[in-house]
Amino acid sequence: QVQLVESGGGLVQAGGSLRLSCAASGRTISTYTVGWFRQAPGKEREFVAAINWSGTNTYYADSVKGRFTISRDNTKNTVYLQMNSLKPEDTAVYYCAADLRTPVNFRGFYWGQGTQVTVSS
């Protein structure tokens, strides 16, 4: 069983930056693909980014490509999402997830509880 806990969310102005962290416990996530989804009010959950177990393969949604960067530190059992040039439309609850698929096929099996990101205009 893998437990995932997100942190780093908050309120930021448009154009600003935040870094989300996803810390795993229960077992190592070093063999898992880990990624992020987000859900805005009244909208369906959408994929944001994923990274494979070694950090050598990443995949991003078109809406965040060039602005967000996903990375991982397996020694800390943690995955990060650096979010730059934030826009009001990035406002959502961000969820960390893990599974054994490749990043392009990532769907999430283990899930965190989410962290709120709010971008003001």
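Every heavy atom of this structure was used, including side-chain atoms; hydrogens, water molecules and symmetry mates were not. Please read all numbers here as calculations on a predicted model, not as lab measurements.
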May I have all residue pairs that pass salt bridge (charged side-chain N to carboxylate O under 4.0 Å, His left out) and include part of residues 7-19, sequence neighbours excluded?
none

Ring pair (Phe, Tyr, Trp, His ring centres under 6.0 Å) against Phe37, all qualifying residues, sequence neighbours excluded
Phe47, Phe106, Trp111

Donor-acceptor side-chain pairing of Glu89 and Thr91 below 3.5 angstrom
no

Can you name the nearest heavy-atom pair linking Ala97 to Gly108, along with the distance?
CB-CA, 3.8 Å

Return the set of residues passing side-chain contact (heavy atoms from CB on, under 4.5 Å) with Ser7 (not counting sequence neighbours), or none when no residue passes.
Ser21

Checking Arg72 against Ile29 for the side chain to side chain contact (heavy atoms under 4.5 Å, CB included) test, could you report, in this order, the C-alpha distance in whole Å, the side-chain angles of both residues, the deciding distance, and whether it holds?
CA-CA 10 Å; Arg72 68 189 299 160; Ile29 56 169; 4.0 Å; yes

Pairs meeting criterion salt bridge (charged side-chain N to carboxylate O under 4.0 Å, His left out) with involvement of residues 108-121, two or more places apart
none

Indicate, with yes or no, if Phe109 and Val48 share a hydrophobic cluster defined by side-chain heavy-atom contacts under 4.5 Å among Ile, Leu, Val, Met, Phe, Trp and Tyr.
yes

Please confirm whether the backbone N or O of Asn57 pairs with a side-chain atom of Asn52, one donor and one acceptor, at under 3.5 Å?
yes

Atom OH of residue position Tyr59 - does it have more than 12 heavy atoms of other residues, nucleotides or ligands inside 6.0 Å?
no

Is Phe68 reachable from Val79 through a run of hydrophobic residues whose side-chain heavy atoms are each under 4.5 Å from the next?
yes

Looking at Asp62 and Lys65, is any side-chain nitrogen of the basic one under 4.0 Å from a carboxylate oxygen of the acidic one?
yes

So the salt bridge (charged side-chain N to carboxylate O under 4.0 Å, His left out) pairs with at least one residue in residues 40-60 (sequence neighbours excluded) are Arg38-Glu46

Trp36 vs Glu6, test: side chain to side chain contact (heavy atoms under 4.5 Å, CB included). Steps then yes/no.
CA-CA 10 Å; Trp36 295 87; Glu6 304 94 337; 3.7 Å; yes

Within the 3.5 Å criterion, strictly below it, is a donor on Asp73 or Thr78 matched to an acceptor on the partner's side chain?
no

Dump the intermediate steps for side chain to side chain contact (heavy atoms under 4.5 Å, CB included) on Tyr60 and Thr58, then the final yes or no.
CA-CA 7 Å; Tyr60 296 91; Thr58 58; 3.6 Å; yes

How about Gln82: does its CD atom have over 12 heavy atoms from other parts shown lying under 6.0 Å from it?
yes

Shortest non-hydrogen contact between Thr56 and Ser54, atoms and distance
OG1-OG, 2.8 Å

For Ser121 and Ala14, the nearest pair of non-hydrogen atoms, with its separation, is CA-CB, 4.3 Å

Cluster link Val34 to Leu100, ILVMFWY, side chain under 4.5 Å
yes

Taking the side chain as everything from C-beta on, heavy atoms only, tell me whether Gln116 gets closer than 4.5 Å to Tyr94.
no

For Val2 and Ala24, the nearest pair of non-hydrogen atoms, with its separation, is CG1-CB, 4.4 Å

Hydrophobic clusters here meaning ILVMFWY residues chained together by side-chain heavy-atom distances under 4.5 Å, can you tell me if Leu86 and Val64 are in one?
yes

Please find the pair of heavy atoms, one from Gln3 and one from Gly26, that lie closest to each other, and give the distance.
OE1-CA, 3.4 Å

Identify the residue among Leu18, Val117, Leu20 that makes a side chain to side chain contact (heavy atoms under 4.5 Å, CB included) with Leu81.
Leu20

Pair Ile51, Thr33 - check side chain to side chain contact (heavy atoms under 4.5 Å, CB included), show working.
CA-CA 6 Å; Ile51 187 167; Thr33 292; 6.0 Å; no

Which residue pairs pass the side-chain hydrogen bond (donor to acceptor under 3.5 Å, both in side chains) test with at least one member in residues 100-110, sequence neighbours excluded?
Asp99-Arg101, Thr102-Asn105

